[in-house]
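Let me begin by presenting the structure, written as structure tokens, before commenting on it.
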Amino acid sequence: MSDLNEQDFYAKAGVERIGKDRRSHFASEVTPKIAGKQVTLIGWVHTLRDKGRIKFLILRDERGMVQVTIPQGKVPTDVFEVSGQLKPESVVVVHGTVVAADQVERGVEVIPSKIRLINTAERLPIDIVEGKVDIDLETRLNHRVLDLRKPKVNAIFRVQHCLVKHAREYLEKNDFVEIHTPKIVAAATEGGANLFEVNYFDRKAYLAQSPQFYKQLMLLAGFGRVFEIAPVFRAEKHNTRRHVNEYTSFDFEMAWIGGVEDVMSMEEKMLHHSFEKTTKEAAAELELLGIDLKVPEVPFKRVKYKEAIDIVNEAGKQLSYTDDLDPDCEHILGEVFPRKYGTDMVFVTHYPLELRPAYTMPSLTDEGMTESFDLLYKGMEITTGSQRIHLHNLLVERFKAKGFNPDNFSFYIDPFRYGAPPHGGLGLGVERLTMQVLGIDNIREATLLPRDRDRLTP
RNA sequence: GCCCCUGUAGUGUAGUCCGGUCUAGCAUAGGCGACUGUCACUCGUCUAACCCGGGUUCAAAUCCCGGCGGGGGCGCCA
């Protein structure tokens, strides 16, 4: 017998197995309407307010919290004793009866008939109950798993999920095919941004900074419309609230377009759909985060790059038409656009040739400019897109003009010799979209497990 | 690549300028005790910290030097 006990690692840990117990209700589903019902709750001990002969256990699960009230004499003796042993973040199964209770803010509580300890928790490195002590973001990220248990932090990523889910849904309804392109690549797509080098057996390879070439090639391969939601890598030693070194890029690319306008039109409808669905499906999370999400009206405002420069110059900057809009400019535009156009979602179009990658279609209507756009949301660039060059000779010419040797990109350029469809597309930063939707200051907060200049764990 | 700031209990801070009751304060977390309606429970009590090394000085958390660590911004970009 003693040998058996030695091997029972559950008993050794002082805990029980869940066994056949399964959750009957989420905490949020315990309402006065189901008073009298027997429920099985599974979750964490959020707090235990131990008043001596009555204890109040706040049980938290994936969807919320509910109070479990444990009055001595009215619950079995062992239930009362076990409850006294519980620590914050202990994992428990609670069997009990739902009781309407005026004393509780939610008007309902659970009186337990049984409480089973499923796992123990040591002293926490960070407080999970919010509102007691402000914790540095750095410390929170070091303990990200615990940090994410906070309902508000968790809600950020449920909103993010919702935004992505419905953007994807819109594209699927519009004949886009989801593709998965290689993240280990041989060469840069755009120059500029630095690449992470990796050992590819005995050769040098790089982590993809963008799926750009591949998603275009898939249109040449006959897919018509494609999208990909995947990580991209930027080896820039930037350290700002808007940058991380690995982020999720939401890319789409569509063939048979008449111009860049078709791409913008697709994006605004996609975002409109996504925002609208998110306000409904993530209503609880948005409320928890105190966000009143405004669904931007379609069509979004369009402003030419030159006009944007004029606007920031009116605000005191001194930029020429070939200067890039820096974060300060985006901030200015973020303030001016709502006043001037009544919206915080604005396409800035027709960027100068020198500011855009080699594959961007030059403009016939605006000399020296491109058929391109950025989407600025609340003063931050969340999308970059354009009509792409589908004419082989022009593509070669543009690569040369940018100082690249087209021969190094033959895998990308050569297919354009054989009937490439006119096309365009965009890349949208998922974390940036999330942070702007939720009014988050630092992109790391909108990134599940951020990779920045020196963070590689967790 | 460039620039700025900063290291005090598990966490967040006060103290650092102007060295001396700092035997390092407070909050929160944690231990123990009390409490039958709490809801950031309350009350009592205890535990727990000056990044490392060197220097100046009668005296260093405080000033100086070096090391290590951390945070933020710019360029670039989503």
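What's counted below: heavy atoms across the whole structure, side chains too, no hydrogens, waters or symmetry copies. Values in this document were obtained by computation on a predicted structure and should not be read as measured data.
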Taking any heavy-atom pair under 4.0 Å as a contact, classify A:Q72: base, sugar-phosphate, or nothing. base

Assign A:D147 to base, sugar-phosphate, or nothing according to its heavy-atom contacts below 4.0 angstrom with the strands shown. nothing

Pair listing, side chain to side chain donor-acceptor pair (under 3.5 Å) test, anchored in residues 76-86 of chain A, at least two apart: none

Contact class for A:T383 (heavy atom, under 4.0 Å): base, sugar-phosphate, or nothing? sugar-phosphate

Heavy-atom count check: over 12 atoms from other residues, nucleotides or ligands less than 6.0 Å from A:N405 CG? yes

Give A:I135 one of three labels, base, sugar-phosphate or nothing, depending on what nucleic acid heavy atoms sit under 4.0 Å from its own. sugar-phosphate

Can you list, pair by pair, the side-chain donor-acceptor contacts under 3.5 Å of residues 437-447 of chain A, counting residues two or more places apart and other chains?
unit_1 : atom_1 : unit_2 : atom_2 : d
A:N442 : OD1    : A:R444 : N      : 2.9
A:N442 : OD1    : A:R444 : NE     : 3.2
A:R444 : NH1    : A:D452 : OD2    : 2.6
A:R444 : NH2    : A:N239 : OD1    : 3.3
A:R444 : NH2    : A:T240 : O      : 3.1
A:E445 : OE1    : A:R140 : NH1    : 3.4
A:T447 : OG1    : A:I443 : O      : 2.8

How would you label the contact of A:R453 with the nucleic acid (heavy atoms, under 4.0 Å): base, sugar-phosphate, or nothing? base

Under-4.0 Å side-chain N/O to phosphate OP1/OP2 contact, A:N245 with B:rC77: no

What nucleic acid atoms does A:T384 come within less than 4.0 Å of, heavy atoms only: base, sugar-phosphate, or nothing? sugar-phosphate

Checking all strands, does A:I58 fall into the base, sugar-phosphate, or nothing category for heavy-atom contacts under 4.0 angstrom? nothing

Report the secondary structure of RNA chain B in dot-bracket form, marking unpaired bases with a dot and bases paired to a different strand with |, and treating Watson-Crick or G-U pairs with both distances under 3.5 Å as paired. (((((((..((((......[....)))).(((((.......)))))....(((((..]....))))))))))))....

Is the cationic atom of A:K51 (NZ for Lys, CZ for Arg) positioned less than 6.0 Å from the six-membered ring centroid of A:F56 and within 45 degrees of its normal? no

Heavy atoms under 4.0 Å, any strand shown: does A:E122 hit a base, just sugar-phosphate, or nothing? nothing

Mind checking A:V104 for me? I need base, sugar-phosphate or nothing, with any heavy atom below 4.0 Å counting as a touch. base

Side chains of A:N142 and A:R455: donor-acceptor distance under 3.5 Å anywhere? yes

